[in-house]
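This report refers to the structure that appears directly beneath it.
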Amino acid sequence: MSVSVHRVAKEGFGEGTNELYDRARPSYPPSALAAIKSALNPSAPVKVLELGAGTGIFTKAFLAHPEWSSALRELRAIEPSEGMRARFASTVDDHRVTVQDGTFQNTHVPDGWADLIVIAQAFHWCPDYDKAMAEFNRALSPTGRVVFIWNMEGRLTYSSTAWVGQLRHVIEAFEQGTPQFRLGLWRQTFDTPSYMSSFEAPEENTFRHSVMGTFQGVIDRAFTKSYIAIASEEDKDQIRAQLTEIVKRGDDKVWINEEAGTFEYPYVTTLIIMKKGTSSVRHAI
């Protein structure tokens, strides 16, 4: 993995963590994928550059989506983690898709190659927003789009599900100062010279949805967090005990099938869509 990758991401998403990550992380709502298609509105099959592609969770949702499955010409996935690339290669089976090493600043595609640049659940790790946007501008076609998308457990501000807020409170205590999505540091991107000179004001949408949760699934999801994956065994035991108590108590839990132990696990998906242009004023979404 490249030295430009954050230490916690490098270690927490390193070898031995990728199977759990691929199994426990949620996919993306079809409505968000449809919104990307609507924004791009391609007249011909598109070339997609997916950065920070991980184990291929977004890629698989993209390929399975009815509006995208036949609209893709080629997808080049870039992922700096060797372990994640290996998992990607073993779970994504489509002749139009390749995966290789790279970073936000080094995408290895020709000028203007990409009709769509997608970064799912990853851009908050970017070490240099200005350099990244300069690279995106170089790699993107004149009519293309750049998309950031994240899934985040639904907090109390988004729903009345108290147990999820309690869960987040526990795991956030172990973040180790990492630039997590929830902190919004990535929004500084829109004030960089490379963004302001080459892109219009970003468009933001949110999609509220739920996935089917189980007790073990919630615990597993928490342990895919990079900073928890590298926590001490003592801290992991503490986290597991606290999360077990929260999930079993289940304040405001909405059961799908109580006998089967399934319940709603609320999420909010944030979608940012950017297109080329010139922004003469500062924008903060």
Side-chain angles (χ1 to χ4, degrees), residues 1-10 13 32 35-42 46-54 58 75-81 100-152 175-206 226 269-285:
M1 188 182 288
S2 168
V3 295
S4 66
V5 176
H6 193 286
R7 177 192 64 82
V8 172
K10 182 177 181 179
F13 298 138
I36 299 171
K37 179 72 158 37
S38 178
L40 187 60
N41 192 26
V46 300
K47 292 182 287 186
V48 178
L49 178 63
E50 186 184 352
L51 306 177
F58 178 88
L75 188 150
R76 296 188 186 182
I78 304 295
E79 170 52 50
S81 165
Q100 65 175 310
D101 190 14
T103 65
F104 298 127
Q105 298 95 332
N106 296 287
T107 65
H108 311 300
V109 299
D111 293 356
W113 181 86
D115 301 303
L116 177 64
I117 297 175
V118 178
I119 305 171
Q121 209 74 16
F123 191 71
H124 55 285
W125 290 110
C126 181
D128 191 314
Y129 306 133
D130 189 59
K131 287 182 179 178
M133 292 312 303
E135 175 66 358
F136 300 169
N137 182 50
R138 182 199 66 77
L140 192 66
S141 69
T143 59
R145 299 290 188 276
V146 177
V147 168
F148 300 160
I149 187 168
W150 286 273
N151 278 326
M152 179 77 167
E175 288 179 345
Q176 302 184 42
T178 52
Q180 295 299 307
F181 161 74
R182 70 179 185 88
L183 301 175
L185 302 175
W186 53 272
R187 293 181 183 273
Q188 297 170 19
T189 300
F190 311 125
D191 292 329
T192 61
S194 292
Y195 189 92
M196 299 289 285
S197 64
S198 303
F199 291 88
E200 294 185 6
E203 299 178 12
E204 178 171 356
N205 287 285
T206 55
S226 55
T269 297
T270 299
L271 177 67
I272 312 292
I273 299 177
M274 297 150 276
K275 67 178 180 178
K276 284 191 174 184
T278 301
S279 178
S280 58
V281 296
R282 298 172 72 86
H283 295 276
I285 62 172

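Just so it is clear, the model here is predicted, and its values are computed rather than measured.
Rounding to the nearest 0.5 angstrom, the gap separating the CG atom in Leu40 from the OG1 atom in Thr143 is 7.0 Å. Here the straight-line distance linking atom CG of Leu116 with atom CD of Glu50 works out to 9.5 Å at 0.5 Å rounding. For the atom pair CH2 of Trp150 and OG1 of Thr270, the computed distance is 8.0 Å after rounding to the nearest 0.5 Å. Here the CZ-OH distance, from Arg187 to Tyr129, works out to 11.5 Å after rounding to the nearest 0.5 Å. A distance of 6.5 Å separates CG in Asn205 from CD1 in Ile273, rounded to the nearest 0.5 Å.
Minimum heavy-atom separation, Pro110 to Arg76: CD-NH1, 4.0 Å. When all heavy atoms of Ala32 and Leu271 are compared, the pair lying nearest together is O-CD2, 3.9 Å. Closest approach of Met196 and Phe190 over heavy atoms only: SD-O, 3.0 Å. Of all the heavy atoms in Leu49 and Ala114, the pair that sits closest is CB-CB, 4.0 Å. The two residues Ile119 and Ala122 come nearest to each other via the heavy atoms CG2-CB, 3.8 Å. Ile117 and Ala139 get closest at one heavy-atom pair: CD1-CB, 4.3 Å.
Arg145 and Glu203 are not joined by a salt bridge, as no carboxylate oxygen comes within less than 4.0 angstrom of a charged side-chain nitrogen.
Pro127 has its side chain within reach of Gln105: a pair of non-hydrogen atoms, C-beta onward, lies under 4.5 Å apart. With a 4.5 Å cut-off on side-chain heavy atoms, Val147 and Ile272 do not count as touching. Looking at heavy atoms from C-beta onward, Lys275 lies out of side-chain contact with Phe199 at the 4.5 angstrom threshold. With contacts defined as side-chain heavy-atom distances shorter than 4.5 Å, the pair Trp125/Ser226 qualifies.
Remark: Lys131 NZ is loosely packed, at most 12 non-hydrogen atoms of other residues, nucleotides or ligands lying under 6.0 Å away.
Checked by atom type and distance alone, the side chain of Glu79 pairs as donor or acceptor with a backbone atom of Gly54 at under 3.5 Å. A side-chain donor-acceptor contact under 3.5 Å links Glu135 to the backbone of Thr107. Side chain of Gln121 to backbone of Asn151: a donor-acceptor contact under 3.5 angstrom is found. When atom types are taken as modelled, the side chain of Tyr195 and the backbone of Glu200 share a donor-acceptor pair closer than 3.5 angstrom. For Lys276 (side chain) and Leu140 (main-chain N/O), a donor-acceptor pair under 3.5 Å exists by modelled atom type. A donor-acceptor pair under 3.5 Å is formed between the side chain of Ser194 and the backbone N or O of Asp130.
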Would Thr206 and Thr269 count as a side chain to side chain contact (heavy atoms under 4.5 Å, CB included) if you check the C-alpha gap in whole Å, the side-chain angles of each, and the deciding distance to 0.1 Å?
CA-CA 5 Å; Thr206 55; Thr269 297; over 6 Å; no
Step by step, would you call Gln100 with Ile78 a side chain to side chain contact (heavy atoms under 4.5 Å, CB included)?
CA-CA 5 Å; Gln100 65 175 310; Ile78 304 295; 3.5 Å; yes
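Between Phe181 and Trp186, the gap from one ring centroid to the other is short of 6.0 Å.
Pairs of residues two or more places apart, or lying in two chains, that qualify as salt bridge (Lys or Arg N to Asp or Glu O under 4.0 Å) and include a residue from residues 111-129 are Asp111-Arg138.
For Ala132, the side chain to side chain contact (heavy atoms under 4.5 Å, CB included) criterion is met by Phe104, Phe123, Cys126, Phe136, not counting sequence neighbours. The salt bridge (Lys or Arg N to Asp or Glu O under 4.0 Å) test applied to Lys47 returns no partner, not counting sequence neighbours.
Between the side chains of Gln176 and Thr178, no donor N or O sits under 3.5 Å from an acceptor N or O.
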